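Some notes on the structure that comes next.
For clarity, every value in this text was computed on a predicted model and none was experimentally measured. Starting from 1, each residue takes its place in the sequence as its number.
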Amino acid sequence: MVVAGVLAGAAALAMLTGGGAAPAGSTAAGSAPARHAPGRSASGAGAGAHAGVYWQHVQARFAPPTAFIPPSAVTYDMKLVPAASPIEVEQYADPSGTRVTARLAGLKPGHAFGMRVHTRPCGSTPGAAGPRYRRGTDSRKPGPGDEVRLDFTTDAKGAATVTTRRSWNFRPGGAGSVVIDGVRGGAADPVACFTVPFGPLAGPAT
């Protein structure tokens, strides 16, 4: 489910209801969205006082690539990321930059995972998500600050929450998923993928 909020002056956009006031239980765009337990629904969009603020909340449960309906959250290794494990991702951005938060549950307990934003949506194979998203670096070699890294270690119940902040925004249409690696620290070992339509934003998009 995708729930996005976009500030446009003081007008409220209710993405799921076709407009009007934000429904009960919704979160006002322009402030950090309320947290929701993985697997539960968020709702609505709101209004705020500042233009150029964007947020979205996306959630799903992992399924194997052979599922009858192509899943938005795909597990390629069900020992590390079991089917039906929930994931949710929130993006909050304004002209000063972007904050991405991921919450997961049901994964292998006590395991160190890597996670990066990638350029394309997930598919039946790990390569469908394309390369890691990197902001424009001109001629210099990209560094850790040029990617959105969300490495995490699950607790004894297989849950984790991780947040990363960057002082830049995604290029419109440039980022389409988060890919989970089975090892932490940047090695490419994809074990799962979640399609996230990261929003085009005002500000220093790179």
Looking at every non-hydrogen atom in both residues, tell me the closest pair between Pro86 and Arg61 and how far apart they are. CD-NH1, 3.7 Å

CG-OG1 distance between Leu150 and Thr101, expressed to the nearest 0.5 angstrom: 8.0 Å

Return yes if some donor-acceptor pair links the side-chain N/O of Gln56 with the main-chain N/O of Pro197 below 3.5 Å, else return no. yes

Tell me the ring-ring contact (aromatic ring centres under 6.0 Å, His included) pairs involving residues 95-117, sequence neighbours left out? His111-Phe113, Phe113-Phe152

Pairwise disulfide (SG to SG under 2.5 Å) hits with a residue in residues 89-122, at least two apart: Cys122-Cys193

When rounded to the nearest 0.5 angstrom, what distance separates CZ in Arg149 from OG1 in Thr164? 10.0 Å

Do the side chains of His57 and Glu88 get nearer than 4.5 Å, heavy atoms only? yes

side-chain contact (heavy atoms from CB on, under 4.5 Å) with Ala83: which residues, sequence neighbours excluded? Pro64, Met78

Name all residues meeting the side-chain contact (heavy atoms from CB on, under 4.5 Å) criterion together with Ser124; count only those two or more places apart in sequence or in a different chain, and write none if there are none. Pro65

Keeping Arg166 on the side-chain end and Glu147 on the backbone end, is there a donor-acceptor pair under 3.5 Å? yes

Is there a side-chain contact between Val179 and Arg116 in this structure, where contact means two heavy atoms from C-beta onward sitting under 4.5 Å apart? no

If hydrophobic residues (ILVMFWY) are linked whenever their side-chain heavy atoms come closer than 4.5 Å, directly or via other members, who joins Val74 in its cluster? Tyr76

Thr98 side, atom OG1; Asn169 side, atom CG - distance, nearest 0.5 Å: 3.5 Å

Where is the tightest heavy-atom contact between Arg99 and Thr163, given as atom of each residue plus distance? CG-CG2, 3.5 Å

Between the OH atom in Tyr92 and the CZ atom in Arg165, the distance rounded to the nearest 0.5 Å is 8.5 Å

Nearest heavy-atom contact between Thr153 and Gly110 is CG2-C, 4.3 Å

4.5 Å side-chain heavy-atom contact, Ser177 and Val196: no

Do Glu90 and Arg103 sit within salt-bridge range, that is, some charged N less than 4.0 Å from a carboxylate O? yes

Where do Val117 and Ala175 come nearest, in terms of heavy atoms and distance? CG1-CB, 3.7 Å

For the CG atom of Leu80 and the CD1 atom of Ile180, what is their distance to the nearest 0.5 Å? 10.0 Å

Side chains of His118 and Pro126, heavy atoms from C-beta outward: is any pair under 4.5 Å? no

Does Ala102 have any side-chain contact (heavy atoms from CB on, under 4.5 Å) partners at least two apart in sequence or in another chain, and if so, which? Val89, Leu104, Met115, Val162

Polar side-chain atom of Asp77 near backbone of Lys79 as donor-acceptor pair, under 3.5 Å: yes

Using modelled atom types only, decide if a donor and an acceptor are shared between the side chain of Ser85 and the backbone of Gly106 within a distance under 3.5 Å. yes

Please work out whether the ring planes of Tyr133 and Phe170 are parallel, tilted or perpendicular, with thresholds of 30° and 60°. perpendicular

Side chains of Arg171 and Thr119, donor plus acceptor under 3.5 Å: no

Do you know the tightest heavy-atom contact between Ala60 and Phe194? CB-CE1, 3.6 Å

Beyond-backbone contact of Val148 with Trp168, side-chain heavy atoms, under 4.5 angstrom: yes

